[in-house]
Amino acid sequence: MKGDAVVRVKNLTKLYTSGYIRTTEVVGAKNVSFDIKKGEIFCLVGESGSGKTTVGNMILRLIKPTSGKILLDGKDAFSYDKKAYWRKVQAVFQDPYSSFNFFYNVDKPLNDAFDLLENSPSKEERKKIIRSTLETIGMNPDEILGRYPHQLSGGQMQRLLIARSLIIRPSLLVADEPTSMIDASTRVAVLNELLRLKKVAKMSVLFITHDLAQAYYIGDRIAIMKKGEIIEQGPVRKVIFSPKHPYTKNLVASVPPLHERWEL
Amino acid sequence: MDKNALVVKNLKGYYRGTFGVVHAVDGVSLKVDEGERVGIAGESGCGKSSFAQLITGTTTPLLHYEGGQVKVYGYDIWKISPEKMRKEVKCKLMSYVPQAMLNSLNPTKRVREFIADMMRERTGRKYSIDEVREMAIEHFERLGLDGYVLDVYPHELSGGMAQRVITAISTLGSPKLLITDEPTSALDVTSQKRMIKLMIDIQREGIIKSLICISHDLAALNQLCDRIVIMYAGVFVEDGRVDEVINNPFHPYTRMLMDSLLPLEPETKDKELSSISGVVPDLRNPPPGCRFHPRCDQCMEICTRKEPPEVEKDGRIVKCWLYTKIGEKGKRVKRHLERR
Ligand SMILES: Nc1ncnc2c1ncn2[C@@H]1O[C@H](COP(=O)(O)OP(=O)(O)O)[C@@H](O)[C@H]1O
Ligand SMILES: Nc1ncnc2c1ncn2[C@@H]1O[C@H](COP(=O)(O)OP(=O)(O)O)[C@@H](O)[C@H]1O
Ligand code: SF4
Ligand SMILES: [Mg+2]
Ligand SMILES: [Mg+2]
């Protein structure tokens with residue numbers, strides 16, 4: 001079991017320091033440990049400011065940990081050169097539009113994805129792969145290719161970014177609140193796409209969200225964060241429907257049910 | 001005085017600018033009785049916030065009232081003078097908390113200074129700190145807010161706290177009707193729950209009589225409201241008791257919306273949920289006929305060219321051809337809808 005962890009983080013800690021003369025420290029994350037197996041969707045859930053993005057950004061090597069370890073495929077994350085690392089670890093962020101340039105059509109980020117590959121296919125090959133990838137995720141290439149970002153919905157853009165990661169086929173996709181700017185009505189499509197990545201490409205996903213229900217729907221295992229620390233982790237069904245920690249219990253009890261009514 | 005808190009008839013409001021004419025609110029009707037808590041739901045861009053601005057007479061510069069009637073306790077707000085509106089309707093009868101109010105608070109003013117400014121605008125005279133405190137402290141404490149918040153700056157309050165403070169300020173004059181736009185959207189779940197409780201409490205305490213809450217979050221509205229109105233592309237498509245609409249939606253849009261939600265229930269994980277294909281139309285050029293027809297899985301030929309009527313069925317209002325004589329035998333238009 002131990003061997004097949006794609007990512008393993010151990011005692012990961014990030015202290016943000018600010019100020020020049022009298023510096024103050026803010027805990028971003030503290031002693032965070034978990035691992036993600038191949039083909040597993042692991043969810044980090046917590047309220048805003050609990051440290052989810054900090055952990056995600058450390059795993060993406062966008063910020064440096066203060067202490068602790070990140071192992072990717074058993075090797076120290078910082079021992080990889082950056083390009084090689086980012087071929088293995090890809091990201092999808094909150095605002096899909098931020099990942100696209102408004103002056104280029106949406107084919108560009110898909111095309112650019114090939115530059116990350118070691119053996120970049122020919123132009124013709126690329127076209128074919130892009131088309132078939134879009135088809136795999138149920139999008140009609142003729143409706144998508146050649147369009148500009150403002151002509152697509154947020155949900156379509158996020159799915160495009162997920163398609164992009166299908167081309168690169170990283171070992172790990174870090175998805176930080178990928179649906180928070182998308183309407184509930186189209187959110188499920190993005191989640192189903194992530195589930196497909198896991199099923200079709202056996203990719204591992206670190207899914208970051210403040211929404212327990214989304215984590216429950218797509219996650220295999222879940223970790224609940226509070227003030228930088230993981231206070232409970234385990235299989236989603238167990239953590240959400242038989243929580244041990246009072247904080248988790250309260251969090252679950254605060255989600256408004258759809259088919260019952262609170263006594264308030 | 002009219003016993004209806006609010007009567008809206010065929011209300012229209014459009015944005016006009018260099019971008020064209022956006023038919024944001026395009027002929028909606030609604031009656032709210034005193035004592036009701038009504039939720040208005042729908043995807044973003046369906047016109048919910050525009051509707052709130054139009055029924056409170058506080059439209060942003062490009063949004064224009066284009067016709068129809070809005071009566072608040074009998075006052076025809078688009079007919080009466082601004083003077084009458086300010087003196088007799090605003091704050092006394094109706095108070096409005098816009099969406100994203102949190103971000104628009106002046107960061108250099110303490111909470112008590114907001115209250116002083118608001119009072120001065122309402123009455124035309126100045127208020128001292130002591131006067132403000134005396135007036136507000138009891139009200140704040142009744143809503144479970146410690147009096148110290150009167151002395152803090154907005155940035156010193158957490159998001160949840162700030163939203164509650166804004167609600168407290170907005171209900172200082174005991175308005176009979178409170179209209180609030182996305183009060184819980186920017187908050188963490190624990191603060192959301194507290195906010196929902198606060199809104200129920202201000203009605204229970206008799207501070208307000210009726211509530212209209214706009215939110216894209218159906219589960220939150222399910223906790224807060226008795227009645228729910230579903231808005232799509234500038235029109236109301238379904239209106240009924242919240243539990244009935246949620247458990248047995250009549251309108252295809254409501255049904256597809258419900259099917260796309262992720263309730264936190266054990267069964268959710270075993271279901272293959274699907275989202276609604278397509279997007280909310282560009283309201284500069286809404287689709288002909290039923291505005292939902294390009295996304296509807298029940299679409300009939302008539303839907304593509306004729307606007308559906310509002311039909312009453314089992315105490316609900318549904319704007320859909322399916323519930324008419326034509327719809328009973330209408331043939332469905334066969335086509336491929338992407339369901340994901
Ligand atoms: N660049 C930064 N500098 C200083 N503090 C930060 C920075 N980024 C995040 N923080 C702080 O770290 C904590 C965790 O933040 P974050 O990881 O963004 O949480 P989440 O993603 O769960 O909302 C918060 O208290 C936040 O204010
Ligand atoms: N200031 C504005 N100028 C032009 N169009 C606007 C403006 N504000 C909103 N709209 C448009 O009006 C429609 C309704 O928007 P809104 O009332 O904000 O919907 P909701 O609150 O349901 O998200 C949308 O098509 C939106 O793009
Ligand atoms: S009127 Fe027709 S297109 Fe519109 S919701 Fe009803 S069945 Fe669907
Ligand atoms: Mg974050
Ligand atoms: Mg709005």
Side-chain angles (χ1 to χ4, degrees), chain A residues 45-50 137-140 143 151-156 159 179-193 195-196 209-220 226 235-237 240-242 247 250-264, chain B residues 41-46 158-160 184 186-194 196-201 204 216-224 242-243 246-247 253 256-280 295 336 338-340:
Chain A
V45 180
E47 299 204 307
S48 59
S50 60
I137 68 160
M139 292 180 105
N140 181 352
E143 274 176 24
Q151 296 175 308
L152 298 178
S153 72
Q156 282 173 312
R159 286 167 57 202
T179 64
S180 64
M181 294 177 70
I182 297 170
D183 254 302
S185 57
T186 38
R187 190 169 288 165
V188 178
V190 175
L191 299 181
N192 287 347
E193 227 56 86
L195 282 169
R196 198 196 311 264
T209 182
H210 64 275
D211 184 355
L212 278 166
Q214 289 185 49
Y216 177 62
Y217 179 62
I218 73 161
D220 296 306
K226 181 195 174 193
V236 278
R237 215 178 273 270
I240 292 175
F241 294 105
S242 339
Y247 182 80
N250 182 44
L251 211 56
V252 172
S254 301
V255 177
L258 192 58
H259 297 108
E260 293 167 40
R261 241 171 136 158
W262 283 329
E263 296 284 338
L264 286 176
Chain B
E43 287 164 282
S44 58
C46 281
S158 68
T184 61
L187 310 181
D188 281 322
V189 285
T190 48
S191 307
Q192 278 183 10
K193 189 173 183 179
R194 249 174 273 142
I196 290 171
K197 170 123 173 64
L198 175 76
M199 287 187 280
I200 290 173
D201 285 345
R204 229 178 245 154
H216 64 276
D217 185 347
L218 280 157
L221 290 178
N222 181 40
Q223 302 306 323
L224 178 62
V242 70
D243 50 330
I246 286 179
N247 291 310
Y253 177 60
M256 289 167 88
L257 206 54
M258 294 305 306
D259 285 347
S260 71
L261 296 185
L262 292 156
L264 192 58
E265 301 163 353
E267 306 83 63
T268 297
K269 200 168 178 64
D270 313 314
K271 286 190 195 146
E272 191 162 334
L273 298 167
S274 55
S275 59
I276 309 181
S277 70
V279 291
V280 175
R295 305 171 79 186
H336 173 70
E338 190 190 16
R339 295 277 279 164
R340 332 212 81 245

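Computed from a prediction, not measured in an experiment: that's the story for all the values here. Scope of the values below: all heavy atoms of this structure, side chains included, with no hydrogens, waters or symmetry mates. Within every chain, numbering begins at 1; the chains are lettered A, B, ... in the order of the sequence lines, protein sequences first and strands thereafter.
- Of the listed residues (B:Thr268, B:Thr190, B:Val279), the one with the most heavy-atom contacts under 4.5 Å to chain A is B:Thr190.
- Using a 4.5 Å cut-off between heavy atoms, A:Leu195 does not touch chain B at all.
- Neither the backbone nor the side chain of B:Leu221 comes within contact range of chain A, judged by heavy atoms closer than 4.5 Å.
- Only the side chain of B:Arg204 has a heavy atom closer than 4.5 Å to any heavy atom of chain A.
- Contact annotation for A:Glu260: only backbone heavy atoms (N, CA, C, O) come within less than 4.5 Å of a heavy atom of chain B.
- Here the side chains of B:Arg295 and B:Val280 are in contact, with some heavy-atom distance below 4.5 Å.
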Legend entry - side chain to side chain contact (heavy atoms under 4.5 Å, CB included) evaluation trace for B:Asp259 with B:Leu273: CA-CA 7 Å; B:Asp259 285 347; B:Leu273 298 167; over 6 Å; no
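- Interface remark: of the candidates A:Arg261, A:Gln214, A:Arg187, A:Arg261 forms the most heavy-atom pairs closer than 4.5 Å to chain B.
- Contact annotation for A:Val190: neither backbone nor side-chain heavy atoms come within less than 4.5 Å of a heavy atom of chain B.
- Residues B:Leu218 and B:Ala41 share a closest heavy-atom pair of CD2-CB, 3.9 Å.
- Shortest non-hydrogen contact noted between A:His259 and B:Pro263 is CE1-CG, 4.4 Å.
- Listed options B:His216, B:Glu265, B:Gln192 were ranked by heavy-atom pairs under 4.5 angstrom with chain A; first place goes to B:Glu265.
- Ranked by heavy-atom pairs under 4.5 Å with chain A, the first of B:Ala220, B:Pro266, B:Ser191, B:Ser44 is B:Pro266.
- Heavy atoms closer than 4.5 Å to chain A are found in both the backbone and the side chain of B:Leu262.
- The closest donor-acceptor contact from the side chain of B:Asn222 to the backbone of A:Pro257 lies under 3.5 Å.
- Closest approach of A:Asn192 and A:Tyr217 over heavy atoms only: OD1-OH, 2.8 Å.
- The residue among A:Asn250, A:Thr186, A:Leu258, A:Leu251 with the most heavy atom pairs within less than 4.5 Å of chain B is A:Leu258.
- Proximity to chain A is limited to the side chain of B:Asn247, based on heavy atoms less than 4.5 angstrom apart.
- Nearest heavy-atom pair, B:Leu261 versus A:Ala184, reported as atom, atom and distance to 0.1 Å: CD2-CB, 3.9 Å.
- Pairs passing the salt bridge (Lys or Arg N to Asp or Glu O under 4.0 Å) check and including a residue from residues 268-277 of chain B, sequence neighbours excluded, read A:Arg237-B:Asp270.
- Residue contact with chain B, scored on non-hydrogen atoms closer than 4.5 Å, involves the backbone and the side chain of A:Tyr216 alike.
- Interface remark: B:Val242 contributes side-chain atoms only to the contact with chain A (heavy atom separation under 4.5 Å).
- Here the CD1-CD distance, from A:Ile218 to A:Glu193, works out to 11.5 Å after rounding to the nearest 0.5 Å.
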